[in-house]
Structures are given as C-alpha cells and as structure tokens.
**Q** 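Before I ask anything, let me first share the structure, which is written out below as structure tokens.
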Amino acid sequence: MEGLKLSDAELMVYIHPSKSRNVRKAICRELSSLLFQYDETFDGVLLAYDLTVGSKQAKILAGLTPYFGVRVNTKLLLFNPKPNSLVEGKILKVSLESIHVVVLGFSAAVITDVDIREEFKYRMKDGEECFVSRSDKDHVLKVGTMLRLQVQSFDEEVMHIAGSLIPANTGCVKWLEKKNDEEALHMDRDRKRRKL
Amino acid sequence: MGASEAVTDPSSLYQMDYMANDFDSDTAVVHTVRNALASVQTGESDSYDELVGVMHVNRFSDSDAVAQLASVLKALSGSVACIDIIHHRKILSAIFGMKLWDQREAVMDALVGLIISLAATSGKYLDSCLNMLVSNFLPPPFVIKGHSEPRIINTKREVLSRVHAALLKISVLVPLAPSRLLPMLAHKMPKIQKKDQSVVIYVENLLKLENSSIGQVSGSMILMMVMERLRDLDLEIGWDDIPQDDPSRGMFDMELEDPAEGTMDEGDELPVGSLKEDTSGENIVSELLDKLMVTAFDHLESCQNAGRLDQVFENLFVSFENYILNTYKSKFTQFLMFHACSLDPENCGVKFASKLMDIFLSSNKPRTTRMSAVAYLASYLARGKFLPVSIVASMLKRLVDECADYCRTCNDDIRPEAHQIFYSGCQAIMYVLCFRMRSILDVPHFRSQLIPLESILMHKLNPLMVCLPSIVAELLRQAKAGGLFIISDSFIFDDLLESELSRAFGGCERLDTFFPFDPILLKMSNSAISPNFNYWAMVRATYEEDEDDDDDAEIIVNGDEDSDEENDGDIDYAMNKMSITPKHSFKNNMERDRLMKMPSRIRPSTSPESL
C-alpha cells in the first residue's frame with residue numbers, strides 16, 4: 001500500500017480562552033476538525049495524529065478575544081495517493097462497466113471498464129458478478145476481495161480515486177502475494193540448483 | 001476494454017434504435033450511445049442532440065418514447081466513463097434536471113441507476129447527483145394538492161422509496177457522501193415562509209434518512225435541522241393566538257372541579273383547548289406545527305420499535321439544549337423530549353431528568369440556562385405520568401440538598417435579583433410537590449428526604465415570600481393536610497398569581513412563570529401526549545379524601561353514554577384517567593369536546609403576557 005506517509009509537524013494551535021480549562025482537549029478538538037479532509041499545507045488527507053505540547057508557555061493574541069497560541073509537536077499520518085502509486089481497497093460492487101472499491105474505509109475508488117485489462121473477463125458466477133482472469137481462473141475479483149489498484153487521479157475534494165487495473169502488478173492482493181511467494185520460491189530453487 | 005472499441009467504431013450515428021429487448025440489443029444500445037457521446041468531440045453532434053432530445057420525455061408521453069428513454073438511461077449508466085463533464089454538459093444538465101415525480105416506474109428505475117453510477121464513478125458528479133436526489137424530496141404542486149388521494153400516496157411511495165434507496169447505495173459506494181449531503185439537506189429545506197404540505201413531506205424524508213445508515217453518521221445534524229424548524233414555527237405562534245382565560249383564576253383551578261360551573265351551557269363561550277379555529281396565518285402555522293410534531297412523534301416511536309431510541313435520544317437532547325432550552329417562550333417543541341421520555345421512561349425518562357439537573361447544578365453555565373433547566377425539570381417531574389415516584393423523589397432530594405447547602409452558606413436577606421438560581425430551585429421543589437406530594441408522603445423514606453425543606457423555607461432568604469404565591473399557597477395547603485411540616489407564618493395569597501418579588505426573581509425572561517410542559521394546545525399532538533400526561537385534574541392533593549368509589553361511578557357513567565366509542569376511544573381513555581368530579585355527564589359530543597379542551601384553563605402558568 002502506497003500513498004501513506006508519516007510527517008512530523010510543528011504547529012501553532014490557537015485556542016479560545018473559554019477552552020483554557022482543558023488545553024489538551026481543546027488542541028485535540030482543533031486537530032480533529034481537520035481529520036478526513038485534504039489540507040494543502042500537509043499535502044494530504046489527515047488520518048490520525050499524535051501530539052506533544054512542548055512548552056507550557058503560550059502566546060496571547062491581541063484583540064477583542066484574547067486567543068492564545070500553543071506550540072504543539074505532532075506526528076501526522078497523511079494519505080495522498082499520487083498518480084501511478086498502488087493502493088489497496090475492498091471491492092464493494094462489481095458490474096460489467098466498473099468495479100467500485102473503498103480504500104482505507106473512507107475513500108471511494110472506481111475502475112471503469114476501459115481501465116480493466118483484457119485479461120479479466122466479466123462473468124456471472126452463482127448469481128454473483130465478478131471478473132475472472134483468463135490466464136488463471138483462481139484470480140477472481142468479486143465483492144469482498146481486497147484489490148490492489150493503480151491510482152490514475154485523486155480528487156482531493158471528495159476523496160475519490162480513479163483507478164486502473166491495466167498494470168500486471170494489480171489485481172487481487174491475496175493472489176498477487178501468493179504468486180510473488182511462488183516466484184520467490186522458484187527463484188530460490190533455481191539458485192540452489194545452480195549452486196549444486 | 002469494450003468502450004474504446006465502441007468509441008472508435010464509426011457505425012451509423014443516425015436513425016438510432018434505442019429499443020432493447022434482450023441482452024444483445026442492450027449491448028448494442030450501449031455501443032450506439034457511446035458512439036453518440038464520442039461524436040461530440042469529433043464535431044458531429046446530430047446523434048448526440050438526438051440523445052439529448054430523448055431526455056425530455058415524461059410520464060405523459062407515449063409508451064414507446066418512455067421505453068426508449070428507459071433504455072437510453074440504462075445504456076448511459078453503462079457508459080458513464082465516456083461522459084465528459086465539459087463536452088456533455090447538455091445531456092448532464094438534462095439528466096440532473098429530471099424529476100422522478102414526472103416519470104413512470106421503468107424510467108424512475110433507470111434514472112436512479114444512472115444517478116448512482118454517475119455519483120460513484122466520478123467525484124465531479126457526486127454533488128450534482130445528491131442535489132438531484134434531494135430535490136425530489138420536494139414534491140410537485142399536484143402532489144401537494146392531492147396529498148391524501150390514494151393514487152398520489154402511491155406515487156409518493158414509489159418515488160421516495162427509490163430516492164432513499166439511491167442515497168443509501170451512494171453512501172455505501174462513496175463513504176464520505178453523507179458529509180456532502182448534509183449542507184444540501186439544509187439548503188433545500190423549504191423556507192420558513194412556506195407553510196404547506198411540502199414542509200411536512202420534506203421533514204418526513206429527513207427523519208427517514210435519520211433512521212437509515214446515513215443517520216448513523218449525520219443523525220444529530222438532521223435532528224437539529226428538524227428541531228430548529230419546529231422551534232421557528234413555534235415562535236411564530238404568539239400567545240395572543242391562544243384564547244385568554246380569566247386571569248383571576250389561579251393556575252391550580254380547574255373548571256371541572258368547580259361545582260358552580262359544573263354544568264356549563266352549550267352557548268357559553270368555550271375555553272377552547274386548541275388554537276383559534278379561524279383561518280388566520282397563525283392557525284396555518286399551528287396546524288403545520290401540529291403535523292410536524294406528529295411526524296416527529298411517529299419517528300420517535302419507530303426508533304423505539306427499532307431499539308435505537310437510546311442513541312437517538314442523545315442526539316435529540318443535544319438539539320434540545322442548543323435550540324430549545326434557552327428559547328424564550330418555546331411552547332410546543334419541547335414535547336418531543338416529553339414524548340421520547342414517555343416511550344422509554346426507565347432509560348430516556350431518567351436521563352432527561354438527570355441531564356437537566358446537571359445543567360442546573362453546573363456553575364459554569366449561564367444563569368438563564370440554569371433557571372430554564374430547573375423550570376423544565378420541575379415541569380417534567382410534575383407532568384410525566386410515566387415517571388415513578390422513586391425518580392421524582394430522588395430528583396427532589398438533589399434539589400433540596402442543593403438549596404439547603406445554599407442556605408447554609410448564604411446569610412443574606414430577601415433579595416430576589418441576587419439569588420435567582422436559589423429561588424428558581426425552591427420554586428421547582430414546591431411546584432413538583434404540588435403535583436406529587438401525596439405519593440411522596442406515602443413512602444416514609446421519601447418523606448424523610450424532604451426534612452431539610454422546612455429549614456430552607458424558614459431561612460432568611462424566605463422563598464415562601466418570593467416564589468409564585470399561587471404555588472406557595474397550594475404547597476402550604478397540601479403540606480398542612482399531609483403534615484409535612486409546621487410553618488407558623490401565615491400568608492395571604494388571595495387572588496395572587498404572582499407578586500413583585502416573584503417577578504423580580506424571574507428576571508426579564510420571566511422564568512418564574514415558565515412551566516414548559518403545561519398542557520400542549522395542539523390537537524393532534526395532544527392525543528399522543530395526553531395518555532402520559534399528568535393533568536392537574538388528575539392530581540390527588542393531600543387535602544382531598546379518597547374518592548375511589550366516585551371514580552368508579554364516573555367510569556360507569558361514561559360507559560352508559562351512547563356513542564361511537566371507536567372514534568372517541570382516546571377521549572374516553574383520557575377522561576377516565578382523570579379524577580374529575582362525577583357530577584358531569586357528557587350530554588353530547590360537543591360537551592365532551594369542550595371538556596377535552598379543559599387544559600387551557602390552567603395555561604396561565606406558562607404565559608407571561610396572560611398574567
């Protein structure tokens with residue numbers, strides 16, 4: 001899974017005086033208001049944060065309401081899938097024209113039929129819609145499958161990913177990993193044989 | 001895959017036949033539609049224009065055209081990837097401009113399918129799709145006019161069930177859709193000036209959304225929207241629209257208990273229980289509010305049946321705290337809380353009382369909020385028939401302890417403006433006792449919890465002088481008969497509903513005369529509330545003797561009445577529940593109606609102006 005990163009950020013959080021009784025709670029509330037939103041400053045969608053308040057000193061802003069600024073050291077978990085990166089998600093719906101996936105439980109991703117490689121054929125299996133690989137019938141994409149897809153674009157406003165299954169390293173995560181393991185085993189055996 | 005082939009296929013773009021009967025022809029239509037969409041970019045827009053033209057068919061067009069439209073819409077949902085937001089602006093605006101209400105069922109299904117595909121396929125269309133669906137919450141004029149006709153009810157069900165199903169599907173495929181939906185719901189809500197059936201239908205839909213999985217995420221906001229609208233309508237109804245009673249009567253006087261007025265003539269001016277039955281603007285507002293309240297009651301009942309009332313109650317209380325608690329002169333909206341509590345007294349009922357108590361006791365809340373909270377608490381404990389005595393007694397104990405603590409630390413003389421919180425607490429205790437003293441004194445343990453009350457009343461702050469004289473008089477009368485305590489001072493309260501001192505402690509908001517759960521004066525809402533409502537006529541004061549035999553007699557009298565028991569079942573139930581004097585017999589329906597309107601007689605307690 002790509003598109004996730006950890007960032008260290010030093011932030012100045014401005015707190016309303018009425019919240020001065022519990023500053024930590026007030027900081028958490030401010031930061032929580034940024035969750036699941038794309039923020040240009042962070043260059044990503046904030047998924048989680050951890051914070052430490054460095055100093056007990058705060059800077060009081062002059063003005064009608066004396067907000068006070070608290071310096072906070074944070075560790076932020078950010079999500080920003082760049083084009084051509086690989087992300088993983090769960091398939092929610094399969095139809096002849098598209099596969100709908102949810103990534104990390106909040107971001108909707110869709111792969112339209114033009115972006116599904118020729119290898120996959122649309123089938124109706126036991127009343128269930130799915131895409132089956134022509135080369136390996138065990139490689140099935142159906143509702144519930146964890147899918148690895150390539151990002152084509154990411155709409156930051158609605159957190160929508162346009163994905164693609166054209167590259168060969170995309171498809172069912174389980175199947176891809178099994179295949180990788182088998183290939184690794186195969187290469188291992190070859191190496192051993194050569195040594196012998 | 002297929003689409004790229006289709007797009008490059010220069011097959012005939014003219015004389016399209018969109019009629020599809022089987023899978024193969026379905027695929028053919030998809031290809032034709034994709035070609036038409038692709039043709040725009042090459043400058044050949046005839047087939048595309050023809051496609052756009054098909055969109056203007058409605059339920060009144062001939063069946064071939066309707067079938068063609070359904071077929072095209074299905075094909076479009078299979079070609080969403082080929083739609084470009086810039087090049088295909090015309091067809092997109094035609095799709096988003098379509099109303100499900102204008103279409104037949106086959107087209108409705110195809111259109112909803114297309115909208116779901118569009119919303120889930122690209123973030124660019126999400127808002128427009130949600131907007132289009134939400135705009136279907138507002139019915140066209142022909143539905144509003146004939147909203148009770150079976151045919152219209154059927155259409156309404158057909159359309160709205162599809163809209164809700166579509167919204168749910170979109171929210172599954174696009175998990176953040178509910179957060180985009182909320183501002184649209186608020187924006188599309190009919191304006192406050194609009195007072196017709198459309199508001200009721202819109203609110204029904206909002207509540208239906210609250211009941212769905214979308215409500216899990218944004219239920220609290222939806223409830224706030226509904227609560228805010230109820231409050232706004234509530235405030236539009238002035239007290240002037242409610243008939244005035246004789247102000248010289250005390251708040252505990254009841255016409256039914258007054259032997260002199262035992263038999264009223266039919267020609268008498270009636271103390272109407274509901275709002276004036278004229279056609280004025282306010283009457284329209286009150287009818288609308290009544291309908292909305294009943295809709296909200298039904299929603300609460302459905303939540304109770306689904307076992308999620310507890311969760312909804314939390315959200316409801318937040319809305320109540322934000323919109324109602326501090327609203328001056330809120331008259332009806334608060335009954336949503338009352339009804340929710342009556343549905344689940346053990347859980348919600350207790351929670352409501354404790355939350356109000358917590359607000360009253362929290363020193364960092366504004367004064368008016370605390371006073372309002374205790375006014376709500378007192379009125380709720382007095383009026384909630386479903387509340388067990390143990391709960392009332394435990395709440396009273398907390399109030400009594402709080403006031404006793406205050407007395408210990410305070411060494412001041414009577415200064416109503418300086419001790420408003422204290423006086424409002426004392427008045428709350430007294431008010432609840434007026435309604436509940438008899439049942440509390442019956443249990444020695446509860447009686448012992450009230451012992452500090454005497455010292456509070458005897459304190460230099462002298463709440464008996466400051467609180468509303470009518471309440472104090474009733475309390476002293478009952479306390480004397482019940483032997484609660486001995487108070488040596490004698491007070492004269494004749495014909496005094498309030499005094500200078502009570503006015504002073506109530507402040508300009510007149511919180512001294514605020515009893516928010518006095519009988520609700522909306523007809524339909526009242527029938528839902530009254531079975532759980534403690535009317536003053538039903539209260540057994542300590543000075544009254546047991547009249548069980550008489551009550552039995554009264555029930556028999558009612559039973560002898562000729563009449564349509566089925567229609568008036570609720571009325572009979574409500575009347576039988578009252579310990580009213582058996583001297584009355586219901587001569588006819590009119591008389592019976594008049595008696596049902598009795599609650600307005602004790603209304604003066606809530607309305608500052610009427611004093």
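All values reported here derive from a predicted model rather than from experimental measurement. Chain naming here is simple, since letters A, B, ... match the order of the sequence lines and numbering starts at 1 in each. Atom set for the values below is all heavy atoms of this structure, side chains included, hydrogens, waters and symmetry mates excluded.
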**Q** Restricting to non-hydrogen atoms, name the atom on A/Phe131 and the atom on A/Ile116 that form the minimum distance, rounded to 0.1 Å.
**A** CZ-CD1, 3.8 Å
**Q** If the threshold is 4.0 Å, N to carboxylate O, is there a salt bridge linking B/Asp127 and B/Arg180?
**A** yes
**Q** Given a strict heavy-atom distance threshold of 4.5 Å, which part of B/Leu176 is in contact with chain A: side chain, backbone, both, or neither?
**A** both
**Q** Using a distance-only test with no angle check, is there a side-chain donor-acceptor pair under 3.5 angstrom linking A/Ser95 and A/Ser98?
**A** yes
**Q** Under a 4.5 Å heavy-atom cut-off, does chain A meet the side chain of B/Ser122, its backbone, both or neither?
**A** backbone
**Q** Name the member of B/Val80, B/Thr121, B/Leu126, B/Val172 that forms the most heavy-atom pairs with chain A at distances under 4.5 Å.
**A** B/Thr121
**Q** Within the side chain of B/Ser117, is there an N or O that forms a donor-acceptor pair under 3.5 Å with the backbone of B/Gly113?
**A** yes
